[in-house]
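First the structure, in the form of structure tokens, and then the observations on it.
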Protein chains: 2
Amino acid sequence: MSQNKRAELIRKALLLFYRNGFHATGMDLVARETGVSKTSIYKHFRTKDELILAVLRLRDENFRNWLFRRMEELSATPQGQLLAMFDALGEWFLEDGYKGCMFIKASAEFQDPDDAINVQSYAHKRLLLDHFHALAKAAGVAEPDVLARQFLLLKEGAIVIAAMSHSAKPARDAKQVAQLLIGQ
Amino acid sequence: MSQNKRAELIRKALLLFYRNGFHATGMDLVARETGVSKTSIYKHFRTKDELILAVLRLRDENFRNWLFRRMEELSATPQGQLLAMFDALGEWFLEDGYKGCMFIKASAEFQDPDDAINVQSYAHKRLLLDHFHALAKAAGVAEPDVLARQFLLLKEGAIVIAAMSHSAKPARDAKQVAQLLIGQ
DNA sequence: GATTAAATTTACCGATCTGTTCACCTAAAC
DNA sequence: GTTTAGGTGAACAGATCGGTAAATTTAATC
């Protein structure tokens with residue numbers, strides 16, 4: 001399988017898992033929808049879990065690239081970028097097929113703390129936290145650790161409520177809190 | 001089946017679904033672990049989904065009763081109760097077997113907005129919102145609607161991050177933000 | 001104690017689950 | 001033209017899925 005075909009398989013599998021859930025999406029469906037035979041899939045991924053891990057790696061890369069770039073597009077200052085995150089989230093919430101955070105759902109379906117899928121899901125959140133922390137530090141905030149964690153809380157809360165309520169309003173609510181936190 | 005046995009079945013099924021997830025928990029396991037034959041279960045619940053709905057009803061009742069009572073125990077004033085919510089959450093996060101919010105996980109596994117399970121999961125969040133709103137109004141807050149939604153965001157964010165990070169710290173981080181919001 | 005209703009056991013249904021095997025196809029390399 | 005590598009579909013494991021049928025046991029009613 002070429003590198004392109006492999007990437008395409010992971011990309012299509014991502015959409016399936018995101019739309020239908022992990023346990024609810026069988027490998028027969030993955031094979032049918034991606035056009036790659038099950039035999040080939042299992043030649044490149046030893047188990048379904050390994051495919052899911054590859055999907056999560058792609059998602060992590062795509063999501064962080066998108067979010068961080070969008071934050072930079074919307075503002076040039078660290079403070080501005082932190083606040084702009086909620087505008088970016090608001091755009092995401094309005095997208096067709098928005099179904100919440102894939103990593104929250106992955107860690108919800110694979111709850112064992114030792115499970116690689118659970119571990120990798122939380123690793124994504126820590127990478128976000130690191131970025132928030134760097135921005136908070138660059139912004140000269142008094143306690144960048146605390147602010148980064150608080151921004152993560154607001155982000156995850158907004159994502160969950162936006163998904164459950166089918167609304168983008170949580171992004172605005174969270175941004176108001178963020179403005180208060182950042183003293184602006 | 002007596003009312004007691006039925007309640008016991010739902011109670012045990014709740015633990016199974018909470019610990020293992022909904023799709024990952026089969027009805028054979030439910031029958032085995034509850035000691036109620038599958039035939040009997042299906043005499044009282046037409047489908048697995050109906051059992052899940054009964055489980056969610058129990059969870060909604062138990063959780064709101066516990067949370068609201070604990071908030072009242074910790075403070076006598078509306079403002080104090082709103083803040084005390086995060087102390088109560090912190091206690092919950094430290095409990096053995098804490099695995100996050102059952103309703104977030106239910107709506108993540110049953111994503112169809114028309115699915116009764118999805119609808120009922122969001123209904124739970126709206127009931128929480130109503131309570132926060134009443135407290136905010138009683139506290140004389142300028143914009144009780146906004147504050148209630150912001151408190152819900154903080155709560156859900158803390159729940160999710162506490163589950164993923166296996167830590168109770170998000171409760172303290174969220175409380176700090178809440179104190180700022182409530183102007184105290 | 002006989003009758004009746006409810007709950008149980010046990011086996012089963014067809015479908016689907018993850019994962020494998022196998023016979024075949026195709027296309028490039030030599 | 002033959003080899004080789006990688007792909008395919010389709011059938012197949014063995015287990016489990018949600019859900020059911022029938023026979024049997026239990027328990028309450030008269």
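Quick caveat, the model's predicted, so the values are computed rather than measured. Lettering follows sequence order; numbering is per chain, from 1.
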Item to check | Test log, rule side chain to side chain contact (heavy atoms under 4.5 Å, CB included), inputs D112(A) and N118(A) | outcome: CA-CA 7 Å; D112(A) 179 355; N118(A) 192 287; 6.0 Å; no

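A continuous path of Ile, Leu, Val, Met, Phe, Trp and Tyr side chains, each step under 4.5 Å between heavy atoms, connects L180(B) with L153(A), placing both in one hydrophobic cluster.
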Next on the checklist: What does the B/S/- profile of nucleotides 13-26 of chain D look like, 5' to 3', with a 4.0 Å heavy-atom cutoff to protein?
Outcome noted: ----SBBBBB----

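Contact annotation: S40(B) does not reach the phosphate of dA6(C) (side-chain N/O to OP1 or OP2, under 4.0 Å).
The interatomic distance linking I41(A) (CD1) with dT20(C) (C1') rounds to 14 Å, in whole Å.
Across all strands, G35(B) comes closer than 4.0 Å to no nucleic acid atom at all (heavy-atom distances).
Residues F17(B) and L51(B) form a side-chain contact, since some pair of their non-hydrogen atoms from C-beta on lies under 4.5 Å apart.
With ring centers used as reference points, W92(A) lies 6.0 Å or more from F86(A).
Relative orientation of the Y98(B) and F93(B) rings is tilted, given thresholds of 30° and 60° on the angle between their planes.
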